[in-house]
Amino acid sequence: MGQLSPEFFRRDAVDVARDLLGTRLLVDGVGGVIVETEAYDHEDPASHSFRGPTARNAAMFGPPGRAYVYRSYGIHWCFNIVCGADQTGSAVLIRALEPLAGLAAMQERRRMEDPRLLCAGPGRLTQALAITADHDGLPLDAPPFRLERGPTPEAIVAGPRIGITQAADIPWRFGIAGSRFVSRRFPATPK
DNA sequence: ACAAAGATGAACT
DNA sequence: GTTCATCTTTGTG
């Protein structure tokens with residue numbers, strides 16, 4: 001299974017967000033399978049890129065396939081992958097992983113044992129993988145990162161994004177159906 | 001210069 | 001369900 005190339009990310013963030021589910025993300029060999037994502041683009045009032053380029057969101061307006069890392073609530077780091085053509089200001093927030101590799105390192109960094117709580121949330125997974133501002137702007141097809149496509153999930157679910165006030169009704173949060181490693185359960189989908 | 005909000009998580013009632 | 005730690009970025013005067 002080869003590395004995902006920048007071309008994989010050179011398209012609509014919503015499509016990338018869906019297609020990233022099932023992909024393995026590793027940082028220095030530590031990580032797991034992406035089970036939850038959210039899409040953001042620059043037409044989107046909830047996105048950091050909505051009001052154009054700034055010092056913080058510079059990576060979002062760079063080439064696709066790179067990291068955008070920002071500080072959240074003064075405490076946590078959040079990890080995104082830049083999408084779209086160059087300078088379009090779209091990205092996918094990685095919200096949760098199913099831990100697979102380097103469990104001991106993650107447990108040490110998170111000071112807890114339960115695999116379900118190691119990477120279930122954007123701030124938790126950056127702590128578990130030791131992602132910080134040092135990674136902002138780095139390409140994801142080179143060390144310390146590794147992104148390898150895995151089996152396509154049987155089914156995915158969608159729902160409103162978490163923790164935003166603008167465009168709170170847009171269902172751009174995606175998850176692997178039935179995963180016990182997501183940050184929160186998805187709303188029941190009416191038939 | 002200042003204030004407010006924020007793509008969160010943990011602890012607590 | 002609520003509170004709060006903690007601090008950068010951004011908008012406003």
Side-chain angles (χ1 to χ4, degrees), chain A residues 9 12-21 23 25 27 32 34-62 64 66-84 88-99 106-138 140 156-176 179-187:
Chain A
F9 300 100
D12 191 87
V14 176
D15 294 330
V16 174
R18 275 192 286 250
D19 292 350
L20 273 176
L21 298 173
T23 298
L25 167 67
V27 180
I34 297 172
V35 298
E36 182 185 343
T37 60
E38 283 178 1
Y40 290 87
D41 76 38
H42 100 123
E43 308 261 295
D44 168 9
S47 173
H48 290 171
S49 59
F50 183 59
R51 293 162 207 272
T54 64
R56 175 176 65 165
N57 68 20
M60 275 188 96
F61 288 93
R66 298 198 181 208
Y68 166 47
V69 182
Y70 68 91
R71 187 142 356 231
S72 174
Y73 289 89
I75 306 169
H76 311 290
W77 297 104
C78 288
F79 170 73
N80 300 252
I81 303 180
V82 178
C83 295
T88 48
S90 67
V92 171
L93 172 68
I94 309 302
R95 288 192 55 91
L97 306 180
E98 175 174 347
M106 293 193 259
Q107 287 166 331
E108 166 88 16
R109 290 163 180 166
R110 292 269 302 128
R111 311 273 168 124
M112 60 173 65
E113 306 287 310
D114 187 351
R116 295 222 345 208
L117 297 176
L118 289 178
C119 300
R124 289 166 169 170
L125 83 86
T126 55
Q127 187 182 19
L129 304 204
I131 294 171
T132 68
D134 290 346
H135 298 92
D136 188 43
L138 294 185
L140 297 178
I156 68 175
V157 288
R161 293 171 294 180
I162 305 291
I164 56 172
T165 56
Q166 303 294 306
D169 51 321
I170 298 177
W172 281 359
R173 173 179 178 237
F174 304 99
I176 294 182
S179 173
R180 291 182 293 285
F181 296 92
V182 296
S183 63
R184 301 194 194 178
R185 281 200 282 280
F186 282 75

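Numbers restart at 1 for each chain; the letters A, B, ... are given by sequence-line order, proteins then strands. All of these numbers come straight from a predicted model, not from anything done at the bench.
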- Message: Please report the distance, rounded to the nearest Å, between CG in A/Asn57 and P in C/dT8.
- Response: 17 Å

Identify, with sequence neighbours excluded, every residue that meets side-chain contact (heavy atoms from CB on, under 4.5 Å) alongside [X].
| X | answer |
| --- | --- |
| A/Pro171 | none |
| A/Ala96 | A/Val35, A/Glu36 |
| A/Ile156 | A/Arg18, A/Leu21, A/Pro153 |
| A/Ile162 | A/Glu38, A/Arg95, A/Arg173, A/Arg184 |

- Task: Could you summarise the pairing of DNA chain B as dot-bracket text, marking Watson-Crick and G-U pairs under 3.5 Å with ( ) or [ ] inside the strand and | across strands?
- Result: ||||||.|||||.

- Query: Quick one: ring pair (Phe, Tyr, Trp, His ring centres under 6.0 Å) pairs with a partner in residues 109-133 of chain A, sequence neighbours left out?
  - Reply: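 For residues 109-133 of chain A, and leaving out neighbouring residues, there are no ring pair (Phe, Tyr, Trp, His ring centres under 6.0 Å) pairs at all.
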
Could you pull out every donor-acceptor pair under 3.5 Å between side chains of residues 118-138 of chain A and any protein atom, sequence neighbours left out?
{"unit_1": "A/Arg124", "atom_1": "NH1", "unit_2": "A/Ala120", "atom_2": "O", "d": "2.9"}
{"unit_1": "A/Thr126", "atom_1": "OG1", "unit_2": "A/Trp77", "atom_2": "O", "d": "2.7"}
{"unit_1": "A/Thr126", "atom_1": "OG1", "unit_2": "A/Pro122", "atom_2": "O", "d": "3.4"}
{"unit_1": "A/Thr126", "atom_1": "OG1", "unit_2": "A/Gly123", "atom_2": "O", "d": "3.0"}
{"unit_1": "A/Gln127", "atom_1": "OE1", "unit_2": "A/Arg110", "atom_2": "NH1", "d": "2.7"}
{"unit_1": "A/Gln127", "atom_1": "NE2", "unit_2": "A/Arg109", "atom_2": "O", "d": "3.3"}
{"unit_1": "A/Thr132", "atom_1": "OG1", "unit_2": "A/Asp134", "atom_2": "N", "d": "3.2"}
{"unit_1": "A/His135", "atom_1": "ND1", "unit_2": "A/Thr132", "atom_2": "N", "d": "3.1"}
{"unit_1": "A/His135", "atom_1": "ND1", "unit_2": "A/Thr132", "atom_2": "O", "d": "3.4"}
{"unit_1": "A/Asp136", "atom_1": "OD1", "unit_2": "A/Val69", "atom_2": "N", "d": "2.9"}

- Message: Applying ring-ring contact (aromatic ring centres under 6.0 Å, His included), can you list everything that pairs with A/Tyr70, at least two apart in sequence or on another chain?
- Response: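 Result, ring-ring contact (aromatic ring centres under 6.0 Å, His included) vs A/Tyr70: A/His48, A/Tyr68.
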
- Query: Among all residues two or more places apart in sequence or in another chain, which pass the ring-ring contact (aromatic ring centres under 6.0 Å, His included) test with A/Tyr40?
  - Reply: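 By the ring-ring contact (aromatic ring centres under 6.0 Å, His included) rule, A/Tyr40 matches no residue at all.
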
- Query: Once each nucleotide of nucleotides 1-13 of chain B is scored for protein heavy atoms under 4.0 Å, what B/S/- sequence comes out, 5' to 3'?
  - Reply: -----BBBSS---

- Message: So A/Thr88 and A/Asp41, do their side chains get closer than 4.5 Å, heavy atoms only?
- Response: no

Polar atom pairs (N or O), protein with nucleotides 11-13 of chain C, under 3.5 Å:
none

- Query: Residues two or more places apart in sequence or in another chain: which of them pass salt bridge (Lys or Arg N to Asp or Glu O under 4.0 Å) with A/Asp19?
  - Reply: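 A/Asp19 satisfies salt bridge (Lys or Arg N to Asp or Glu O under 4.0 Å) with A/Arg11 once adjacent residues are dropped.
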
